Amino acid sequence: MAQILAASPTCQMKLTKPSTIAPSKLWSSVVLKQKKQNSSKLRSFKVMALQSDNSTINRVESLLNLDTKPFTDRIIAEYIWIGGSGIDLRSKSRTLEKPVEDPSELPKWNYDGSSTGQAPGEDSEVILYPQAIFRDPFRGGDNILVICDTYTPAGEPIPTNKRARAAEIFSNKKVNEEIPWFGIEQEYTLLQPNVNWPLGWPVGAYPGPQGPYYCGVGAEKSWGRDILDAHYKACLYAGINISGTNGEVMPGQWEFQVGPSVGIEAGDHVWCARYLLERITEQAGVVLTLDPKPIEGDWNGAGCHTNYSTKSMREEGGFDVIKKAILNLSLRHMEHISAYGEGNERRLTGKHETASIDQFSWGVANRGCSIRVGRDTEKKGKGYLEDRRPASNMDPYIVTSLLAETTLLWEPTLEAEALAAQKLSLNV
């Protein structure tokens, strides 16, 4: 992901002035055309709230598109948090008396943690701490989305709150001075509802083999592009630092990239982007999965490759710093693997552009390695590395902070370092 080599002006936590894009126009184009062999029920998807062939839905649409600004200064804030599984997203809405621009202006809130698998019924209250604000592309106006993390009433992070630990690592002086950049490539798969089979695939059967689908164009190669594009525009509207999209190797699978983002911001932006994607697929009547291997057999899995660099890596002599980072990563390989997503063993098999889950490897321009270094980085002697191990369902707070911790804060013994350098043919 070349964008990691250049800073982005949109890397920010504060809310900027909303644009004038009308949310109704943003969603009205989400139509997916299916092949005739699929059931007629699945042949065409629309955002259900925006269909115009029913007077009742028309009335609902008119209410959804109401502009409240001429009548009140009050806005709607959608508080978003991560649920008990560590991958599910939850949200609820509240009214604020006026527009806000910074999370510090927002009140804390609470929810029933016993209903999300995060607290016992006899002590179920979990507190939401607002951490980042984004514009709301669904409601428009001054309405906002609020990324929160979760705490006990006593102020302790609950076990599923991975953001708190990540924020602690990124606030470390040594890490902060290195200005860690992350570019995250989020792959995902779209499924037909009820049958849990990839969008565009004949139910219970398979399309042609992989080859023509990656970045492919045409009705026989690309299924779900309207959702991809709707999500892209929603992210831009929201203020998410999205840097690109593409169709993936397996048909029905797509990717978006977030970054370069600095420190904790990378996790906030990826989680908000995931929330938008969940909402858009909800409206389109399509199922989103982040399963790292949704279809067994000769089909690519879904990853979340994480591009990473520090200030020292980006400066002259940075390639030596990158090699030292790779050495450290090799010595903590299994610790990273255990934190890189559920079901990743089904994906990291050494096939389909992956390395074996049991063996650490690195290489230049080699997509079959654990860590890939681009040719441009090798040529210039500075740049970034790509960690290809994270699964599509990884937690970006965990992955980004663990990369920073292993490469900037953790020190191996001299003996272990020497043995690893010899094994990996690294001159450090």
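Position 1 is the first residue of the sequence, and the numbers go up from there. Nothing here was measured: the structure is a model prediction, and the numbers come from that model.
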Side-chain donor-acceptor pair present, [X], [Y], cut-off under 3.5 Å:
X	Y	value
Asp358	His333	no
Glu248	Asn246	yes
Glu178	Ser312	yes
Asp149	Gln131	yes

| request: For the pair Asp268 and Arg163, evaluate salt bridge (charged side-chain N to carboxylate O under 4.0 Å, His left out) and give the outcome as yes or no after the intermediate values. | output: CA-CA 9 Å; Asp268 291 337; Arg163 190 188 190 279; 2.9 Å; yes

| request: Before giving the answer on salt bridge (charged side-chain N to carboxylate O under 4.0 Å, His left out), spell out for Arg74 and Glu97 the whole-Å C-alpha distance, their side-chain angles and the decisive distance to 0.1 Å. | output: CA-CA 4 Å; Arg74 304 174 93 191; Glu97 293 304 313; 3.2 Å; yes

How close do [X] and [Y] get, heavy atom to heavy atom, and via which atoms?
X	Y	result
Met394	Val399	SD-CG2, 3.7 Å
Tyr275	Ser91	OH-OG, 3.3 Å
Ile357	Glu345	CD1-CA, 3.6 Å
Pro99	Ile75	CA-CD1, 3.8 Å
Ile82	Tyr397	CD1-CE1, 4.1 Å
Ile133	Asp102	CD1-C, 3.4 Å

| field | Counterpart residues, side chain to side chain contact (heavy atoms under 4.5 Å, CB included), relative to Leu191 (two or more places apart) | value |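 Side chain to side chain contact (heavy atoms under 4.5 Å, CB included) check on Leu191 returns Thr189, Asn196, Pro198, Val287, Thr289.
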
| Pair Glu105-Lys98, salt bridge (charged side-chain N to carboxylate O under 4.0 Å, His left out): steps then yes or no | CA-CA 10 Å; Glu105 301 175 61; Lys98 62 180 181 179; 5.8 Å; no

| Run the side chain to side chain contact (heavy atoms under 4.5 Å, CB included) check on Ile169 and Thr400 step by step: do they pass? | CA-CA 10 Å; Ile169 290 172; Thr400 56; over 6 Å; no

| Taking the six-membered ring of Tyr79 as reference, does the NZ or CZ atom of Lys92 fall below 6.0 Å from its centre and within a 45° cone about the axis? |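 Not flagged: Lys92 not positioned over aromatic ring of Tyr79.
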
| Cation-pi check, Arg372 onto Trp362 ring (under 6.0 Å, within 45° of axis) |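 Relative to the ring axis of Trp362, which defines the angle, Arg372 lies outside at least one limit.
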
| said: I want to know whether Trp197 and Tyr206 have ring centres closer than 6.0 Å. | reply: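 Between Trp197 and Tyr206, the centre distance is under 6.0 Å.
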
| field | Steps toward salt bridge (charged side-chain N to carboxylate O under 4.0 Å, His left out) verdict (Lys233, Asp229) | value | CA-CA 6 Å; Lys233 288 186 176 181; Asp229 283 345; over 6 Å; no

| Any ring-ring contact (aromatic ring centres under 6.0 Å, His included) pairs touching residues 81-102, not counting sequence neighbours? |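 Listed once each, the pairs are Trp81-Tyr111.
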
| Is there side-chain contact between Gln118 and Pro159, with at least one heavy-atom pair below 4.5 Å? |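 Gln118 vs Pro159: side chains apart.
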
[X] side chain to [Y] main-chain N or O, any donor-acceptor pair under 3.5 Å?
X	Y	answer
Arg90	Gly83	no
Glu187	Gln253	no
Ser392	Ala302	yes

| said: Can you confirm whether Tyr232 is buried at OH, in the sense that more than 12 heavy atoms of other residues, nucleotides or ligands lie under 6.0 Å from that atom? | reply: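 It does: Tyr232 OH has more than 12 such atoms within range.
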
| Would you find more than 12 non-hydrogen atoms of other residues, nucleotides or ligands less than 6.0 Å from Glu278 atom CD? |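 Check passes, neighbour count above 12.
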
| field | N-O pairing of Arg347 and Glu353 below 4.0 Å | value |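 Not counted as a salt bridge, because no side-chain N and carboxylate O are separated by less than 4.0 Å.
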
| task | For the pair Phe256 and Tyr188, name the ring-plane relationship: parallel under 30°, tilted 30 to 60°, perpendicular over 60°. | result |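 Phe256 vs Tyr188 ring planes: tilted.
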
| Intermediate values then yes/no, side chain to side chain contact (heavy atoms under 4.5 Å, CB included), Gln186 and Leu277 | CA-CA 11 Å; Gln186 176 69 70; Leu277 188 56; 6.0 Å; no

| message | Run the salt bridge (charged side-chain N to carboxylate O under 4.0 Å, His left out) test against Arg389 and tell me which residues pass, sequence neighbours left out. | response |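 For Arg389 the salt bridge (charged side-chain N to carboxylate O under 4.0 Å, His left out) partners, ignoring immediate neighbours, are Asp387.
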
